[in-house]
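Take a look at the structure below.
Residue numbers count from 1 along this sequence.
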Amino acid sequence: MRKRKTILFLGMALFAMFFGAGNLLLPAYLGYQTKIDWTSTFTGFSLTAILAPVLAIFAVAVSGNYFTDLGARANLKFAYLLAFVNVLCIGPLIALPRSGASVFEVAIQPILPDAQPVWVCVLFFGAVMTASFSLNWITGILGKIFGPILLMFLAILIIPGLFIGATVDLPPTIIEDRFYVGFHEGYQTMDVLAGLIFAVLLISGANRKGYTHINDKIEVVVKAAIFSAVCMLLVYGGLFYLGAHVSADPTEITRSSLLVHIATQYSGVNGIYLISILMILACLTTAIALTAGAANFFERLTNGKLGYIEGVITVTLISTLLAIVGVDGIIEYAAALLNFIYPVTLVLILSVLLFGKTIQNQKPYFITLIVTMLISFIRVLVNWFPNEEVFSAILNVLPLARFNLEWVLPAILTFVITCFALGRNLNLKRNQPF
């Protein structure tokens with residue numbers, strides 16, 4: 001009974017950590033775009049926005065206590081570099097500013113049109129900073145208070161629309177490759193990157209509850225992650241359904257305005273206040289966890305020279321400045337970074353989970369990650385230099401490039417070829433020097 005309560009409590013905390021601005025905005029918008037074929041897009045979205053984050057947490061749990069323990073299967077220095085880039089992406093450069101910008105654009109501006117974004121962001125990140133000062137309180141606050149409240153308000157939004165929307169005849173979609181659109185758009189939630197850092201908070205929470213033995217720790221952490229995934233599956237499915245069944249003018253719809261339109265269509269004039277509450281809760285819970293995770297990483301990275309409290313202050317100050325860019329602006333420049341870091345992270349997670357017990361040598365993992373990075377960087381160059389045809393020509397030669405999955409086959413082939421080349425040295429201890 002005690003273990004079940006811990007799993008429920010940690011699972012609710014993890015759901016609150018994961019469910020941020022992108023998790024609220026993207027599913028409904030994708031459902032609106034794909035209409036009658038929303039289930040195909042939802043399936044692809046679920047792989048990168050639900051399954052992959054759960055696998056990320058599982059990978060960290062079986063590797064140790066930190067993301068760097070997972071990355072050390074390839075190379076310890078590389079692990080810290082990858083962790084550093086991950087923390088920047090999910091911390092002060094992208095995810096945290098997006099949370100602050102979303103609070104202003106979706107929660108505050110529709111109700112208070114004259115509100116100033118600067119003061120909204122200052123107040124929001126001031127609250128985040130205050131709530132993040134104690135690392136040991138994070139899972140308790142999120143699991144026992146914010147998580148259940150967030151889930152309750154999501155149910156208030158989704159359940160009425162399930163009955164009202166059922167009477168609407170859906171038009172056909174105009175989007176091709178709907179599954180792969182959902183798969184790639186799942187990148188925008190950044191939950192794979194976040195999961196690698198949230199795993200640290202989850203493992204720490206399990207340890208504080210007395211589950212320090214490796215088998216007990218893995219059981220509690222993995223089951224909590226599965227509980228969180230079930231919650232996300234139900235919520236995402238509901239938001240996709242609402243978006244697919246909403247009636248709106250496509251020329252005037254953005255991610256933010258669509259969510260407000262859904263709430264007012266299904267819940268009346270008070271729907272706008274419901275969206276405001278939801279956005280504030282979603283952004284606040286995720287921002288608290290991201291700030292705590294980033295500050296904790298920087299404290300370990302600097303061996304305590306940058307203390308946890310100083311890290312919290314630094315992260316929130318940078319995030320406040322960048323939040324003024326706005327939601328759409330942040331998503332625009334986030335795409336290039338995500339196209340680079342996501343494939344590398346996914347390859348690391350999957351290779352360790354599939355072969356971590358049987359292949360101890362670092363070289364297959366390390367070489368495969370380097371090849372994946374090179375392939376992914378071509379996509380970044382295409383985004384940075386759209387007029388340079390040479391980069392697009394190289395990219396289009398690779399299989400699955402039109403689905404943004406050009407890294408898949410090269411990664412598989414590199415891993416297999418490296419394993420064959422190593423032969424009997426395949427199971428050398430992983431700490432051998434390069």
Does any N or O in the side chain of [X] come within less than 3.5 Å of the main-chain N or O of [Y], such that one atom is a donor and the other an acceptor?
X: Tyr241; Y: Ile158; value: no
X: Thr320; Y: Thr316; value: yes
X: Thr264; Y: His261; value: yes
X: Lys223; Y: Arg4; value: no
X: Thr286; Y: Phe19; value: yes
X: Asn75; Y: Phe78; value: yes
X: Arg379; Y: Ala401; value: yes
X: Glu185; Y: Pro27; value: no
X: Asn65; Y: Ile203; value: no
X: Ser228; Y: Ala224; value: no

Any side-chain heavy atom of [X] sitting closer than 4.5 Å to one from [Y]?
X: Leu233; Y: Ser46; value: yes
X: Phe377; Y: Met373; value: no
X: Cys419; Y: Ile359; value: yes
X: Leu30; Y: Trp38; value: no
X: Thr414; Y: Ile370; value: no
X: Leu10; Y: Thr139; value: yes
X: Val235; Y: Phe15; value: yes
X: Asp69; Y: Val60; value: no

Check your understanding: Relative to the ring of Phe297, is the ring of Phe84 parallel (under 30°), tilted (30 to 60°) or perpendicular (over 60°)?
Key ->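 If you compare the ring of Phe84 with that of Phe297, the planes turn out tilted.
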Gap separating the [atom1] atom of [X] from the [atom2] atom of [Y], nearest 0.5 angstrom:
X: Leu24; Y: Leu157; atom1: CG; atom2: CG; result: 7.5 Å
X: Leu239; Y: Phe42; atom1: CG; atom2: CZ; result: 9.5 Å
X: Ile341; Y: Asn86; atom1: CD1; atom2: CG; result: 4.5 Å
X: Leu322; Y: Leu96; atom1: CG; atom2: CG; result: 10.0 Å
X: Thr43; Y: Ile50; atom1: OG1; atom2: CD1; result: 10.0 Å
X: Phe227; Y: Ile7; atom1: CZ; atom2: CD1; result: 10.5 Å

Exercise for review: For Arg300, check salt bridge (charged side-chain N to carboxylate O under 4.0 Å, His left out) against everything at least two apart and list the hits.
Suggested key: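 Listed in chain order: nothing, the list is empty.
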**Study point:** Intermediate values then yes/no, side-chain contact (heavy atoms from CB on, under 4.5 Å), Val181 and Arg178
**Key:** CA-CA 5 Å; Val181 168; Arg178 293 171 291 279; 5.5 Å; no
Check your understanding: Between Tyr308 and Phe298, does the ring centre distance come in under 6.0 Å?
Key -> no
Review point. Taking the six-membered ring for Trp, are Phe415 and Phe355 ring centroids under 6.0 Å apart?
Key: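 Judged by ring-centre distance (under 6.0 Å), Phe415 and Phe355 do meet the cut-off.
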Closest non-hydrogen atom pair, [X] against [Y]:
X: Val221; Y: Ala206; answer: CG2-CB, 4.3 Å
X: Cys283; Y: Ala21; answer: SG-CB, 3.7 Å
X: Phe67; Y: Val200; answer: N-CG2, 4.3 Å
X: Leu258; Y: Ala28; answer: CD2-O, 3.5 Å
X: Ile138; Y: Ser132; answer: CD1-CA, 4.1 Å
X: Ala289; Y: Phe198; answer: CB-CE2, 3.6 Å

Review point. Under the side-chain contact (heavy atoms from CB on, under 4.5 Å) criterion, do Leu348 and Thr372 qualify, and how do the steps go?
Key: CA-CA 10 Å; Leu348 174 62; Thr372 305; over 6 Å; no
Practice item. Show the numbers, then the answer: is there a side-chain contact (heavy atoms from CB on, under 4.5 Å) between Leu405 and Phe183? Key: CA-CA 10 Å; Leu405 298 174; Phe183 183 92; 3.2 Å; yes
Exercise for review: Starting from the C-alpha separation in whole Å, work towards a yes-or-no answer on side-chain contact (heavy atoms from CB on, under 4.5 Å) for Ile313 and Ile309.
Suggested key: CA-CA 6 Å; Ile313 295 172; Ile309 299 299; 4.2 Å; yes
Exercise for review: For Phe58, look at atom CZ and say whether over 12 heavy atoms of other residues, nucleotides or ligands are found less than 6.0 Å away.
Suggested key: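 Atom CZ in Phe58 is not packed in, count stays at 12 or less.
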